[in-house]
Amino acid sequence: MSSKYYAHFVADAVETPHAGEYTGVVELTRPLRREAEFKELRAVLARNFDLDSDDIRILHWARLH
């Protein structure tokens, strides 16, 4: 079962073409673990943008129902 999240975040890695501010819906194949949602969402976004987790700064996020 997939899970959808709204995410508003900044990719802070200036040396990459992916730097900038983004908003949108992120669809995952499984729900994030409740106790680690923020950390896991940063890791997923970083992996998709080929960045380190430290380069992702989440401004707002929410699970969509």
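Because the structure is a prediction, the values reported are computed rather than measured.
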> Got a donor-acceptor contact below 3.5 angstrom from the Tyr5 side chain to the Leu32 backbone?
Replying inline: yes
> For the residue pair Phe9 and Phe49, does the interplanar ring angle fall in the parallel (under 30°), tilted (30 to 60°) or perpendicular (over 60°) class?
Replying inline: perpendicular
>> side-chain contact (heavy atoms from CB on, under 4.5 Å) for Leu59 and Glu21? Distances and angles first, verdict last.
In response: CA-CA 10 Å; Leu59 304 175; Glu21 188 170 340; 4.0 Å; yes
> For the residue pair Ser53 and Arg42, what are the closest heavy atoms and their distance?
Replying inline: O-NH2, 2.6 Å
> Do you know which two heavy atoms are closest between His8 and Tyr6, and how far apart they sit?
Replying inline: CB-OH, 3.8 Å
> If two hydrophobic side chains count as joined below 4.5 Å and joins carry through other members, does Ile56 share a cluster with Phe38?
Replying inline: yes
>> Would you compute the distance between atom CG of Leu45 and atom CG of Asp55 and round it to the nearest 0.5 angstrom?
In response: 12.0 Å
>> Heavy-atom count check: over 12 atoms from other residues, nucleotides or ligands less than 6.0 Å from Asn48 CG?
In response: yes
> At what distance, to the nearest 0.5 angstrom, does CG of Leu41 lie from CZ of Arg63?
Replying inline: 12.0 Å
